[in-house]
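See below for the structure under consideration.
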Protein chains: 2
Amino acid sequence: MTDNSKDLRSNCPINFAVETFGDKWTLLVIRDLMFKGKRYYGDFLASDEKISTNILADRLQKLETNGVVSKLPDPENGSKYIYSLTEKGKALLPAMVEVTAWSVQHDSLTNTPDDFMRFYNADKNGLIEMFKSKLDN
Amino acid sequence: MTDNSKDLRSNCPINFAVETFGDKWTLLVIRDLMFKGKRYYGDFLASDEKISTNILADRLQKLETNGVVSKLPDPENGSKYIYSLTEKGKALLPAMVEVTAWSVQHDSLTNTPDDFMRFYNADKNGLIEMFKSKLDN
DNA sequence: CTGTATCCTTAGGGATACTG
DNA sequence: CAGTATCCCTAAGGATACAG
């Protein structure tokens, strides 16, 4: 609950979300942090969707500004940073899981680990907890 | 589960979602259908965010193409249409609820009915079922 | 009023060069 | 390799005119 005083088009929560990650790239960066364990600049560049380097820099920057991502110097390599999700970013997990489930159910081409929907249908909260614990280690 | 053969940047489910509603306006139209009971063209035009008429037409069209929204002649007024969510559209409800909850928890300015978070915290599935039943009447 | 079409500006973003 | 900066084109979209 922070007072981020950029001027939004409205005070609707859906609009807040849209203004935070409603574009063609931001959610993919969040996905990479959340589900693919990516942490370094080059990791994100290497994703299937081929984000270009200027866009990546811009989105990481905006996510940091919005408190979704943190950027810390890599203790093992002074010349690079480790990007990771803040608590605010991690809190997007349930939404990301629901979005994933929707896509898997409505797009025949989508590829996702086989057991995702099994777990989702059997015990959604358990699935979310499982991913959550992965994020915290 | 339909084979929509537009060429996606990848077969990732998050990317599928991004390509379906990852822009500044689409999710607001879905919100209006899902939570605000809007059905007519003019209803959408009247939202707080002031969508312009060409963009609205474009988004309704794309949503229809993607099977999220249906467009049917209004039986009580031949010169207009009724827009509504398809089953695929309604299936976005859990995701929309999670996104809303995230925004409410992370944006102090967001305004939402007081009891939303109470219900969400007490019985999330019940909250979703409640909205679902509203959509089906 | 419901929707479509056009005009024109700005923002998004691809390619790529460049710095440490 | 990590990240920044520039160049330039295309797509997003605001304003508004127009048709039924």
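Chain identifiers are assigned alphabetically (A, B, ...) following the order of the sequence lines, protein sequences preceding nucleic acid strands; residue numbering begins at 1 within each chain.
For the 3.5 Å distance criterion, the side chains of A/Y120 and A/E98 qualify, holding a donor opposite an acceptor. Defined by atom type and a distance below 3.5 Å, a donor-acceptor pair is present between the side-chain atoms of B/S84 and B/S70. For the residue pair B/N125 and B/E129, no side-chain donor N or O sits within less than 3.5 Å of a side-chain acceptor on the partner.
In this structure, the ring of A/F35 has its center less than 6.0 angstrom from the ring center of A/F131. Aromatic pair A/Y40/A/Y83: ring centres not closer than 6.0 Å. Aromatic pair B/W102/A/F21: ring centres closer than 6.0 Å.
Figure legend: cation-pi geometry between A/R9 and B/W25, with NZ or CZ positioned under 6.0 Å from the six-membered ring centre and within 45° of its axis.
No option in A/L33, A/T26, A/I30 other than A/L33 meets the side-chain contact (heavy atoms from CB on, under 4.5 Å) test with A/V69.
Nucleotide C/dG3 holds its P atom 10 Å from the CG atom of B/D43, rounded to whole Å. In this structure, B/K80 places its NZ atom 12 Å from C1' of C/dG3, rounding to the nearest Å. Between the CG atom of A/L45 and the C1' atom of C/dT16 there is a distance of 13 Å, rounded to whole Å. Nucleotide D/dG3 holds its P atom 6 Å from the NZ atom of A/K71, rounded to whole Å. Rounded to whole Å, atom P of C/dG13 lies 9 Å from atom NZ of B/K24. Summarising the geometry, the separation between CD on A/E76 and P on D/dC1 is reported as 19 Å, rounded to the nearest angstrom. Rounded to whole Å, atom P of D/dG3 lies 11 Å from atom CD of A/E64. Distance A/L60 CG to D/dG3 P: 8 Å, rounded to the nearest Å.
For A/Y83, a side-chain nitrogen or oxygen approaches OP1 or OP2 of D/dG3 to under 4.0 Å.
With contacts defined as side-chain heavy-atom distances shorter than 4.5 Å, the pair B/V104/B/T110 qualifies.
A heavy atom closer than 4.0 Å to some atom of DNA chain D occurs in B/S52, B/T53, B/N54, B/I55, these being the qualifying members of residues 49-58 of chain B. The stretch residues 25-41 of chain A touches DNA chain D through A/Y41, each having a heavy atom under 4.0 angstrom from the strand.
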